[in-house]
Student: 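Before I ask anything, here is the structure I am working with.
By convention in this document, chain letters (A, B, ...) are assigned in the order of the sequence lines, proteins followed by strands, and residues within each chain are numbered from 1. Small disclaimer: the values here were computed from a predicted structure and weren't measured.
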Protein chains: 2
Amino acid sequence: MAKPNMEDIVSLAKRRGFVYQGSEIYGGLAGTWDYGPLGTLLKRNLTNEWLGYFIDGRPDMYQIDSAILMNPKVWKASGHVDTFTDPLVECGNCHNRFRADKIDTSKCPACGKENTFGEPRQFNMMFKTQVGPVQDEDSIAYLRPETAQGMFTNYKNILDTFYPDLPFGVGQVGKAFRNEISPRDFLFRVREFEIMEFEYFIPENIWEAKFEKWRTDMHGWFKHIGLPEDKVKEIEVPENDRAHYSKRTIDFHYDFPSLGFDEIGGLAYRTDFDLKNHQEHSGKNMEYRPKDGSAPFIPHVIEPTFGVDRNFLAVLSNAYTEDEVEGEKRTYLKLPAHLAPVKVAVFPLLKNKPELVAKAKEVHKMLRKEIHGEVMFDDNGNIGKRYRRQDEIGTPYCVTIDFQTLEDDTVTVRHRDTTDQTRQKISELSF
Amino acid sequence: MAKPNMEDIVSLAKRRGFVYQGSEIYGGLAGTWDYGPLGTLLKRNLTNEWLGYFIDGRPDMYQIDSAILMNPKVWKASGHVDTFTDPLVECGNCHNRFRADKIDTSKCPACGKENTFGEPRQFNMMFKTQVGPVQDEDSIAYLRPETAQGMFTNYKNILDTFYPDLPFGVGQVGKAFRNEISPRDFLFRVREFEIMEFEYFIPENIWEAKFEKWRTDMHGWFKHIGLPEDKVKEIEVPENDRAHYSKRTIDFHYDFPSLGFDEIGGLAYRTDFDLKNHQEHSGKNMEYRPKDGSAPFIPHVIEPTFGVDRNFLAVLSNAYTEDEVEGEKRTYLKLPAHLAPVKVAVFPLLKNKPELVAKAKEVHKMLRKEIHGEVMFDDNGNIGKRYRRQDEIGTPYCVTIDFQTLEDDTVTVRHRDTTDQTRQKISELSF
């Protein structure tokens with residue numbers, strides 16, 4: 001079967017309730033998307049798995065949930081007010097605007113006229129708003145363009161509340177906003193998105209070892225969410241492309257349909273840039289005092305970061321599979337079971353046989369109690385169609401209650417990837 | 001012991017890492033708060049319980065996760081651009097601004113001068129921003145002041161994707177923003193907050209029955225999170241105080257420390273106001289077509305809504321308890337076990353006995369696997385102090401490994417509320 005393209009993914013995502021266009025009934029709002037019921041479940045599973053993988057239960061990790069609106073001084077200290085910009089050009093003929101580094105500026109891609117662009121100007125990508133009843137220069141605030149600063153501004157709170165030993169990490173999953181000049185490629189480049197990341201505070205001298213440790217764990221994460229090794233590659237970011245605060249950065253790229261390899265995460269050694277700047281701008285002491293009485297110092301930081309929506313898109317793209325079953329084309333999502341929005345679906349063989357429906361409801365109820373995750377009930381249409389519907393949303397197992405069930409308490413368990421069916425006792429079901 | 005006041009709650013929340021002031025190192029940003037590690041865990045438990053109570057696994061419920069930035073036409077259709085305002089007055093002497101309905105305008109509460117206020121003007125509480133590279137009137141967008149419109153704009157998507165029978169509900173947990181003139185009272189009146197709510201779509205003729213059903217279930221929810229009946233009361237909102245879209249509204253008030261009774265949730269019958277307006281403004285047909293072939297119609301809506309932060313504050317306030325143990329004042333959080341950020345803490349009796357520490361780590365590891373939720377390890381200070389630390393963050397059980405454990409595999413289980421201690425076999429521990 002042909003390799004899927006991005007349109008296939010977008011189409012399935014909409015058709016089956018994973019992702020809809022934001023504000024769709026009003027023609028949308030560029031760069032925004034709404035997660036539908038199945039997408040919301042998949043995203044919840046993804047972020048919960050991430051928390052389980054990197055944060056929960058680890059004595060060296062602290063999860064926080066900081067506000068999107070922050071004091072504007074944060075973004076001066078972080079460098080975002082001055083440098084978080086993209087080069088913007090405007091066509092002198094049709095007045096469309098573009099990112100200068102993404103187009104060939106000799107000819108306008110919108111109207112086709114040549115030599116219509118002037119010099120690019122720097123366009124700040126932070127969304128501005130005004131806070132409070134007085135609307136002037138002093139009331140300007142920004143929607144956070146990254147979640148990291150929430151960890152830096154709370155670093156001292158964590159020190160004062162939990163007295164952690166170094167190294168320790170502070171992480172969160174949360175929304176961020178960037179006013180992209182040209183949003184594109186579905187969930188890939190958007191204006192509102194979600195980040196899962198943590199700042200790992202260390203003494204400077206171990207940065208290389210910890211960088212390697214998290215690099216390995218990041219690969220472990222991508223494996224954990226089912227991305228094959230040959231579809232994830234590392235890009236060492238050269239000095240002139242690195243963010244202003246970073247001394248070393250590795251980007252992790254995934255081989256997206258249509259798009260090709262592009263970023264789904266990154267690992268940055270941010271040095272002591274952020275804490276030092278916050279100390280300077282806030283006047284608050286950001287030093288860590290070792291418990292053995294040795295000299296206080298400002299910790300350095302390693303930051304593993306993951307785009308939730310991009311990880312979601314990678315998982316969805318990777319799962320999208322077409323094959324042929326009994327001469328018919330079949331589309332299914334080969335999702336890892338721990339990410340699948342629906343874990344098991346339960347069917348009565350026939351809708352109009354009350355004894356089958358009652359038994360199926362009983363099994364459905366039992367599984368709902370036993371399984372951590374969604375268990376669906378479906379009695380609509382013939383069994384083949386119901387299988388196909390579950391295949392398309394990535395449900396790993398379907399359980400069918402038939403007349404034999406009423407005699408010996410066994411059911412048919414049908415496996416998504418192989419379409420194999422096995423007969424099992426209800427009491428022995430385990431998923 | 002004396003009734004706690006709001007300052008006690010704020011102080012414990014900060015001291016133990018539940019809630020910090022937003023952007024604290026820069027003097028804060030009024031009306032924003034950051035959840036610290038324990039607050040984040042408590043909030044996660046709260047929202048997960050809410051999803052479990054109202055949404056998950058219910059065949060008539062669909063969870064979504066819609067964007068904060070929406071097409072501005074949404075807010076014209078919903079009425080927010082025209083009517084989502086508070087009356088604002090400015091003192092002619094000191095130029096401080098106030099909500100006209102919250103102060104006595106005969107004398108300025110800031111400078112004390114009399115008769116300095118003019119007529120109030122209507123101040124729109126939506127935060128404004130601009131989207132895209134062209135910054136003009138057409139690029140204006142708002143941060144959503146409520147999550148409900150995300151459900152209404154996706155109502156048609158849900159119909160087209162899932163073909164639900166009426167009644168069905170669409171819900172979400174997500175951030176919303178209101179530019180309050182005077183944020184106050186800790187998490188109570190803030191500019192950035194979280195809502196958990198759903199829109200329940202019904203045929204008009206059953207609105208009273210469904211209103212009653214959800215009213216009962218809302219009380220069930222407050223009970224589920226441990227709020228005593230006498231601290232939750234209903235307020236029937238009179239017509240002139242109801243939101244412009246509502247034909248009946250009940251507010252649920254909780255008896256907060258210092259504040260007294262104030263709103264933690266609401267139940268509104270929104271009629272077909274929203275869908276009808278969206279149909280008119282978007283030109284999209286919002287009718288539901290019954291499967292029995294009867295005439296299509298626009299569904300009516302019942303909306304149960306809950307402020308996450310206010311529910312969080314109610315839970316925290318209600319849990320805050322002071323008593324006396326062995327002649328000493330003790331502060332503890334009487335949190336329901338399913339909401340407690342830490343479920344169990346494990347202690348080796350002595351830190352400097354490697355065999356006790358090893359055994360405690362083994363028990364800690366075992367419990368981490370078996371228990372859904374956080375299990376903490378603490379070997380710092382004497383046992384009494386460790387109990388007090390866990391009491392203050394609401395950990396229901398502490399397990400201590402002592403010398404007897406090494407002989408007979410039993411441990412001491414200490415109960416938070418009673419401070420009772422029981423001896424139990426490790427193999428029989430269950431929380």
Side-chain angles (χ1 to χ4, degrees), chain A residues 15-17 20 22-30 32-37 40-41 43 56-57 59 62-71 73-74 88 97 123 127-134 141 143 150 153-154 156-158 161-162 175 179 181 191-192 278 282 284 368 374-375 377, chain B residues 15-17 20 22-30 32-37 40-41 43 56-57 59 62-71 73-74 88 97 123 127-134 141 143 150 153-154 156-158 161-162 175 179 181 191-192 278 282 284 368 374-375 377:
Chain A
R15 186 169 74 249
R16 298 311 312 276
Y20 307 120
S23 307
E24 186 175 337
I25 59 170
Y26 290 102
L29 178 71
T32 69
W33 297 90
D34 290 349
Y35 285 82
T40 302
L41 286 173
K43 185 154 70 103
D56 287 340
Y62 299 88
Q63 190 195 349
I64 64 164
D65 187 358
S66 69
I68 289 168
L69 295 172
M70 299 179 83
N71 189 305
K73 288 176 189 158
V74 171
L88 178 72
R97 295 183 181 190
F123 175 74
F127 284 104
K128 245 186 220 177
T129 189
Q130 291 186 297
V131 175
V134 182
L143 305 195
T153 54
N154 280 297
K156 244 190 95 64
N157 281 327
I158 302 291
T161 316
F162 297 95
K175 286 259 172 123
N179 196 4
I181 294 172
R191 288 178 172 147
E192 175 177 341
H278 284 304
S282 72
K284 299 282 187 298
R368 273 191 60 194
E374 198 78 7
V375 181
F377 185 88
Chain B
R15 186 170 75 247
R16 299 311 313 274
Y20 307 120
S23 306
E24 186 175 338
I25 58 169
Y26 290 101
L29 179 71
T32 68
W33 296 90
D34 292 349
Y35 285 83
T40 303
L41 287 172
K43 185 154 69 106
D56 288 340
Y62 299 88
Q63 190 195 351
I64 63 164
D65 186 359
S66 69
I68 289 169
L69 294 172
M70 300 181 82
N71 189 307
K73 288 176 190 158
V74 171
L88 177 72
R97 297 184 180 187
F123 176 73
F127 283 103
K128 244 187 216 178
T129 189
Q130 291 188 297
V131 175
V134 182
L143 305 196
T153 54
N154 280 298
K156 242 190 96 67
N157 281 327
I158 303 291
T161 315
F162 297 94
K175 287 256 171 127
N179 197 4
I181 293 172
R191 288 178 172 147
E192 174 175 343
H278 284 306
S282 72
K284 298 283 187 297
R368 274 193 58 195
E374 199 78 6
V375 182
F377 184 89

Student: Just give me the residue among B:Pro59, B:Ser23, B:Pro37 that pairs up with chain A most often, heavy atom to heavy atom, under 4.5 Å.
Tutor: B:Pro37
Student: Taking A:Leu88, A:Ile181, A:Ile158, A:Asn154 one by one, which has the highest count of heavy-atom pairs under 4.5 Å against chain B?
Tutor: A:Asn154
Student: Using the side chain to side chain contact (heavy atoms under 4.5 Å, CB included) rule, take B:Tyr62 and A:Thr40 through it: C-alpha gap first, then chi angles, then the decisive distance, then the call.
Tutor: CA-CA 9 Å; B:Tyr62 299 88; A:Thr40 302; over 6 Å; no
Student: Quick one: of A:Leu41, A:Ile64, A:Thr153, who has the most non-hydrogen atom pairs under 4.5 Å with chain B?
Tutor: A:Ile64
Student: Among B:Asp56, B:Val375, B:Thr32, which residue has the highest count of heavy-atom pairs closer than 4.5 Å to chain A?
Tutor: B:Asp56
Student: For B:Gly132, is there any backbone N or O sitting under 3.5 Å from a side-chain donor or acceptor partner on A:Asn179?
Tutor: yes
Student: Only pairs of heavy atoms separated by less than 4.5 Å count here; which of B:Gly57, B:Gly27, B:Gly22, B:Gly150 has the most with chain A?
Tutor: B:Gly57
Student: Measuring heavy-atom distances to chain A, does B:Leu143 have an atom under 4.5 Å in its side chain, in its backbone, in both, or in neither?
Tutor: side chain
Student: For B:Glu24, enumerate each residue passing the side chain to side chain contact (heavy atoms under 4.5 Å, CB included) test, keeping only those at least two apart in sequence or located in another chain.
Tutor: A:Asn157, B:Lys14, B:Tyr20, B:Gln21
Student: Tell me the closest heavy-atom pair linking A:Arg191 and B:Pro133, and the distance in Å.
Tutor: NH2-CD, 3.9 Å
Student: Show your working on side chain to side chain contact (heavy atoms under 4.5 Å, CB included) between A:Leu29 and B:Val74 and close with a plain yes or no.
Tutor: CA-CA 11 Å; A:Leu29 178 71; B:Val74 171; over 6 Å; no
Student: Report which part of B:Glu374 has an atom under 4.5 Å of a heavy atom belonging to chain A: side chain, backbone, both, or neither.
Tutor: side chain
Student: My understanding is that only residues two or more places apart in sequence, or in another chain, count here; which of them pass side chain to side chain contact (heavy atoms under 4.5 Å, CB included) with B:Lys284?
Tutor: A:Ile25, B:Lys156, B:Ser282, B:Met286
Student: Of the backbone (N, CA, C, O) and the side chain (C-beta and beyond), which part of A:Arg15 lies under 4.5 Å from a heavy atom of chain B, both, or neither?
Tutor: backbone
Student: Which of the residues B:His278, B:Lys175, B:Gln130 is involved in the greatest number of heavy-atom pairs with chain A at under 4.5 angstrom?
Tutor: B:His278
Student: Side chain, backbone, both or neither: which part of B:Tyr26 has an atom under 4.5 Å from a heavy atom of chain A?
Tutor: both
Student: Heavy-atom distance under 4.5 Å to chain B: side chain of A:Phe127, backbone, both or neither?
Tutor: both
Student: Checking B:Phe377 against chain A: side chain, backbone, both or neither under 4.5 Å from a heavy atom?
Tutor: neither
Student: Under 4.5 Å from any heavy atom of chain A, what part of B:Arg16 do you find: side chain, backbone, both or neither?
Tutor: backbone
